[in-house]
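Just so you know, ligand 1 is whichever comes first in the structure, and atom 1 is the first atom listed for that ligand. In what follows, residues are counted from 1 in the order of the sequence shown.
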Amino acid sequence: MTSTEDEALRLDADDPGHRRLFHVPAADGGRYPEAAYLAGNSLGLQPRATRDELLGDLDAWRRLGVEGHLEAERPWLPYHELLTGPAARLVGARPAEVVVMNSLTVNLHLLMVSFYRPAGARTRIVIEDTAFPSDSYAVRSQARFHGLDPDTTVVRLRPRPGEDTLRTADVLDLLATEGDTVALVLLGGVNYLTGELMDIPAITAAGRAAGAVVGWDLAHAAGNVPLHLHDWDVDFAAWCSYKYLNSGPGALSGVFVHERHLGDPALPRFEGWWSTEAATRFEMTPVSRPPATVEAWQVSNPPIFAMGPVRTSLELFDAVGMPALRERSVRLTGYLERLLDEVTPGRPLTVVTPRDPARRGAQLSVRIGTGSAAGLAKRLRHEHGVIADAREPDILRFAPVPLYCSYHDCWRVAEALAATVEVSR
Ligand SMILES: *Cc1c(COP(=O)(O)O)cnc(C)c1O
């Protein structure tokens, strides 16, 4: 490696990010006290503000009991509304189009109840072959729910032979030639495995032009890349809040439904008491009156203690702003890429994430040619204090999260790989 630790430290002094707002885990190996935490695409770190936020809500329950619904400092009945504005700004939506509720896969199902409606020859669901397993299982079970064969109903997009990521042109081609058999396109905005950022506006336009509904799983995109869901005409989307959104393990999910679908009485939805308009909810009538907003997709009253950490995190994104965050993200990921390019030649390591910064977020995935990814991740952690995510059999994922990762973290990744993976003879 020719890049030096001094250079990394200099870059950190010039471009420090917001690390001081987060708790960084201690290293359990290597020469530095803090871990180099590159796993924020699996589970984001805890903001320092989260604990007090959570304790405040817990205290309100202790002091007020049921009266907290109306009298807590942040009253529980309309609590979810506090999250709507910042969540809408994060994904480029209007407030009526966004709600935070449930977890991600549950929401994908609730959305498919409305938006996957196979009819006639138009039955297929397009996903990517490297879709997160939960999404694969969700769409296959939806096909079965409609009495269809999941093996023929679900179309899995594969990269060209010898390539690792999808080409937009190939996706557009498929939609142009076979689009009349497609009921739903449901892709990851950023692929969890390869880190590829899809061309969301182009694929959305092509899918809709073909007569399909286009939804996006933004688990790896929300808080990672700038999004303009309303302007891009996306039909629906959902994301979780525990990856780049740093809201804690299993944190709540966000949902987007485009304005043009709001209040449409022809759309089926699964309802509960939170689907009816708030003003008359407690009249406890037998028939609901859903509002003409995405809140009509809510079912249950929300878990208040799970909402606070999302609020804290979204406020942080509001304060920093996605444009500034994206700029630091591009610099930091570009720096890690440069260091990996010094280390990978001669070693059985290949970066599979697209090289164009416009086609990726804050993630570089590395394929290892020999040995197990999990074994290598373990050594990086215990010998160097570097925490990365392994996806068996052969992918290591490094996420230089711009809110809290440092250039020095990136330098430690490259140095640890150089020390751990032998040069092949
Ligand atoms: C993380 C992730 C999930 C996880 O689903 P949960 O319902 O939150 O457990 C689903 N899909 C994708 C694409 C993910 O990245």
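The salt bridge (charged side-chain N to carboxylate O under 4.0 Å, His left out) test applied to Arg338 returns Glu7, not counting sequence neighbours. Qualifying ring-ring contact (aromatic ring centres under 6.0 Å, His included) partners for His18, counting only residues two or more places apart in sequence or in other chains: none.
With hydrogens and angles ignored, the 3.5 Å screen pairs no side-chain donor or acceptor of Thr204 with any backbone N or O of Trp232. Judged by distance alone, the side chain of Arg347 and the main-chain N or O of Val343 form a donor-acceptor pair under 3.5 Å.
Ring-centre distance between Phe282 and Trp273: below the 6.0 Å cut-off.
Annotation: ligand 1 has protein neighbours Leu104, Thr105, Phe132, Asp135, Asp217, Ala219, His220, Tyr242, Lys243, each with a heavy atom less than 4.0 angstrom from the ligand.
Pairs engaging residues 351-385 under the ring pair (Phe, Tyr, Trp, His ring centres under 6.0 Å) rule: none recorded [sequence neighbours left out].
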